Amino acid sequence: MATRNMNMAQLVMALAFAATLLHGTAAVDLVVGGNTGWTIPPNNTFYSNWASANTFRIGDTLVFNFATGAHDLTVVTRQAYDSCSTANAVNRITNGPARVRLNTTGQHYYICGFPGHCAAGQKLTVNVVGNNSGGSAPAPSAGGGPGTSPAPPGPSGTGTDTTPSTQAPPPSDTAPIGVSFAAVLMFIAVGLFY
């Protein structure tokens, strides 16, 4: 009887550990600027402060909440980011809110292309790191390492999936699914012992 209880305790601990791992790998939606959204910020460091308070991983989605016609989202190179130029934009989304899925590691650069908005601080750079899956992170896109520009535009070359959306973003964390799965496994395992 004691051995069966010990095995049960080990099984429960293993399943709890698996649930914890599943929780850490869930991609999340990150609302750029929090409640402020994507707008002319109160100061020039607002979006860099927001970015430094977050970790960006492959599979995460940036949600840029802005009013269509008042702002846009322009994906740019580092040089264009530094100079607030839209001349050689990688991509431009004019309908808000915009959702950008992060597909590659490295630096990614975003500005508002409306005149004066970028210069007023409506610009964001994020450093995307690998996910928590335990495997190695994918290599950065061509030229996509720290301090360089993203790859040229193309179906998979930007490192981001830019999908304009007029719907509210889905729930930000899919981890409860993993926890539910682990709980079901635990109940099945308990049933096998009785």
Side-chain angles (χ1 to χ4, degrees), residues 27-131 137-170 172:
V28 297
D29 287 357
L30 297 151
V31 178
V32 174
N35 291 333
T36 301
W38 184 240
T39 188
I40 296 174
N43 59 60
N44 280 339
T45 61
F46 179 80
Y47 289 110
S48 60
N49 292 342
W50 177 85
S52 65
N54 289 284
T55 301
F56 305 95
R57 299 189 186 286
I58 290 178
D60 287 350
T61 299
L62 297 178
V63 179
F64 292 81
N65 287 327
F66 63 90
T68 301
H71 302 284
D72 70 11
L73 175 63
T74 306
V75 182
V76 295
T77 64
R78 179 178 179 169
Q79 293 76 21
Y81 175 87
D82 290 341
S83 64
C84 288
S85 172
T86 60
N88 295 311
V90 174
N91 195 8
R92 186 171 184 199
I93 301 171
T94 58
N95 294 323
R99 298 175 53 80
V100 179
R101 184 174 167 90
L102 302 172
N103 293 326
T104 62
T105 59
Q107 297 286 9
H108 299 261
Y109 302 93
Y110 310 95
I111 65 172
C112 179
F114 279 52
H117 291 202
C118 177
Q122 193 174 356
K123 58 196 275 185
L124 172 70
T125 181
V126 299
N127 183 37
V128 180
V129 297
N131 58 24
S141 60
T148 62
S149 61
S156 62
T158 62
T160 59
D161 228 355
T162 51
T163 308
S165 172
T166 57
Q167 299 173 345
S172 66

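Numbers here are sequence positions counted from 1. As the structure is a computational prediction, the values presented were derived from the model and not from experiment.
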pair Asn127-Thr125: side-chain heavy atoms closer than 4.5 Å: no
Val126 to Ala51 - nearest heavy-atom pair and separation: CG1-CB, 4.5 Å
Distance (rounded to the nearest 0.5 Å) between Asn103 CG and Asp60 CG: 10.5 Å
Val75 backbone acceptor or donor facing Asn91 side chain under 3.5 Å: no
Aromatic ring pairing Tyr47/Trp38, orientation class (parallel under 30°, perpendicular over 60°, tilted between): tilted
Nearest heavy-atom neighbours spanning Ile40 and Ala120: CG2-CB, 3.8 Å
Any donor-acceptor N/O pair, Thr86 side chain to Ala89 backbone, under 3.5 Å: no
cation_pi(Lys123, Tyr81) dist<6.0 Å, angle<=45: yes
Reference residue Tyr110; test side-chain contact (heavy atoms from CB on, under 4.5 Å); the match among Ile93, Val100, Thr74: Val100
Pairs flagged by salt bridge (Lys or Arg N to Asp or Glu O under 4.0 Å) wherever residues 34-47 is involved - sequence neighbours left out: none
Backbone of Pro41 reached by a side-chain donor or acceptor of Thr39 within 3.5 Å: no
Gap separating the CZ atom of Arg101 from the CD1 atom of Ile58, nearest 0.5 angstrom: 9.5 Å
Point-to-point distance, once rounded to the nearest 0.5 Å, from OG1 of Thr61 to CG of Asp29: 5.0 Å
Test item: Arg57 side-chain N/O and Gly130 main-chain N/O as donor-acceptor pair under 3.5 Å: yes
Pairwise distance CG(Leu30) to OG1(Thr55) - rounded to 0.5 angstrom: 9.0 Å
With His71 via ring pair (Phe, Tyr, Trp, His ring centres under 6.0 Å) - residues at least two apart: His117
Asn65 and Val31: CA distance, side-chain angles, deciding distance, side chain to side chain contact (heavy atoms under 4.5 Å, CB included) verdict: CA-CA 7 Å; Asn65 287 327; Val31 178; 3.4 Å; yes
Flag side-chain contact, heavy atom, 4.5 Å: Val63 against Val32: no
Sequence neighbours excluded, every pair satisfying disulfide bond (SG atoms under 2.5 Å apart) that has a member inside residues 57-115: Cys84-Cys118
For Phe46, all residues meeting ring pair (Phe, Tyr, Trp, His ring centres under 6.0 Å), sequence neighbours excluded: none
Qualifying salt bridge (Lys or Arg N to Asp or Glu O under 4.0 Å) pairs, either residue in residues 82-92, two or more places apart: Asp72-Arg92, Arg78-Asp82
Validation row, ring centre Trp50 to ring centre Phe64 under 6.0 Å: no
Qualifying residues under side-chain contact (heavy atoms from CB on, under 4.5 Å), relative to Ser48, sequence neighbours excluded: Thr45
Residue pair Val128 / His108: nearest heavy atoms and the distance that separates them: CG2-CD2, 3.2 Å
Spacing of CG belonging to Asn49 relative to CG belonging to Asn54, to within rounding of 0.5 Å: 11.5 Å
